[in-house]
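The structure under discussion appears below in the form of structure tokens.
Numbered from 1 within each chain, the chains take letters A, B, ... in sequence-line order. Values below: all heavy atoms of this structure, side chains included; hydrogens, waters and symmetry mates excluded. Here the structure is a predicted model, which is why all the values come from computation and not from measurement.
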There are 2 protein chains.
Amino acid sequence: MDQIARTTKDLGQTLRAARKAKGITQAELAARAGVWQRTVSNIETGASGAKVDTIFDLLAALDLELRIVPRSKMTQRDLEDIF
Amino acid sequence: MDQIARTTKDLGQTLRAARKAKGITQAELAARAGVWQRTVSNIETGASGAKVDTIFDLLAALDLELRIVPRSKMTQRDLEDIF
DNA sequence: GGGGAAGATGATCGGAGGATCATATTGAAT
DNA sequence: ATTCAATATGATCCTCCGATCATCTTCCCC
């Protein structure tokens, strides 16, 4: 199931899910990415319009990458909302 | 052909390609996204570690979205470099 | 080669994020 | 319920982006 992000909030949720899937803590992810636990928390909570570089650092530490794709007409969530 | 981004430079190049594919100028994209031509130029050139919110604004204006996926072992470019 | 549109870039300013200290609060495990 | 780890958050400082003015350079077209 692909994770789609159109907002910082989406991105934060996705990052959190990915981190938990790997079974590591915010502090550990922060250490790997070279940022602060505070920053990871902020981003996961969607509180901040973070900097792109920071996001890429986190993605790399999680072995993730971005694919830029055309917007799908229907997202998984749309479907879930309907049915 | 999917566009993969692991760095701000990748992202800038992808955004520029997408914009040109739509045949619009930086100024027009900027207007649609509610930012400045200066900002679009900065991001496309990869000069700035832009803010995530700005990126999402541009993506929306280009009808694009992000998919967060596991890193592929081999990227398209890797293959091109080999063959 | 001349001309005009498109993109790059200089400078200043204000706002907001990340670094960095800290503590509070939540959540899970026993 | 107690406890300890994990996460959220307060406060300050500094840096850097985006906003906003501008001009300069590039490039394409005739």
B:T45 side chain, from C-beta outward: closest of D:dC17, D:dA8, C:dT9: C:dT9
Check the distance between C:dG7's C1' and B:E44's CD and give it to me in whole angstrom. 9 Å
For B:S41 and B:Q37, indicate whether the former's side chain and the latter's backbone hold a donor-acceptor pair under 3.5 Å. no
In Å, rounded to the nearest 0.5 Å, how long is the span from CG of A:D57 to OG1 of B:T7? 11.0 Å
Taking five pairs at each end, how big is the angle between the two axes of the helix from C:dG1-D:dC30 to C:dT30-D:dA1, to 10°? 70°
To the nearest angstrom, the NZ-C1' distance between B:K20 and C:dA6 comes to 9 Å
Whole Å only: how far is the CD1 atom of A:I55 from the P atom of C:dG17? 12 Å
Are OP1 or OP2 of D:dG18 and a side-chain N or O of B:T54 less than 4.0 angstrom apart? yes
Whole angstrom value for the distance that separates P of C:dT26 from CD of A:Q26: 15 Å
Expressed in angstrom and rounded to an integer, what is the separation of A:I43 atom CD1 from D:dT7 atom C1'? 15 Å
Please step through side-chain contact (heavy atoms from CB on, under 4.5 Å) for the pair A:L66 and B:I4, ending with a clear verdict. CA-CA 6 Å; A:L66 294 183; B:I4 297 177; over 6 Å; no
May I ask you to verify whether the side chain of B:R38 and the base of C:dG7 hold a donor-acceptor pair under 3.5 Å? no
Using atom types as modelled and distance alone, determine if a side-chain donor or acceptor of A:E65 lies under 3.5 Å from a backbone N or O of B:V69. no
Which part of the nucleic acid, if any, lies within contact of B:T25, taking any heavy atom under 4.0 Å across all strands shown: a base, the sugar-phosphate backbone alone, or nothing? sugar-phosphate
In whole angstroms, how far is the P atom of C:dG17 from the CG atom of A:L58? 15 Å
Candidates D:dA19, D:dA8, C:dG7 - which lies nearest the side chain of B:T39: D:dA19
Would you kindly give the CG-to-C1' distance between A:L29 and D:dA5, to the nearest whole Å? 17 Å
When you measure from the side chain of B:W36, which nucleotide among D:dC21, C:dT20, D:dA8 comes out closest? D:dC21
Report yes if at least one side-chain N or O of B:R16 is closer than 4.0 Å to OP1 or OP2 of C:dA8; otherwise report no. yes
A:L15 CG to D:dT7 P, in whole Å, measures 14 Å
Are the side chain of B:T54 and the backbone N or O of B:A50 linked by a donor-acceptor pair below 3.5 Å? no
Please check this pair: side chain of A:R16 against backbone of A:E44, looking for a donor-acceptor N/O pair closer than 3.5 Å. no
Quick check: is B:V35 connected to B:I24 through a chain of hydrophobic side chains (ILVMFWY, heavy atoms under 4.5 Å apart)? yes
Among C:dT20, D:dG18, C:dG7, which nucleotide has an atom closest to any side-chain atom of B:A50? D:dG18
Starting at the 5' end of DNA chain C and moving along, which residue's nearest nucleotide shows up first, A:Q37 or B:R19? B:R19
Under the side-chain contact (heavy atoms from CB on, under 4.5 Å) criterion, do B:Q26 and B:R19 qualify, and how do the steps go? CA-CA 8 Å; B:Q26 287 185 347; B:R19 175 179 60 79; 3.6 Å; yes
Please determine if a side-chain N or O atom of B:S41 lies less than 4.0 Å away from the OP1 or OP2 oxygen of C:dG7. no
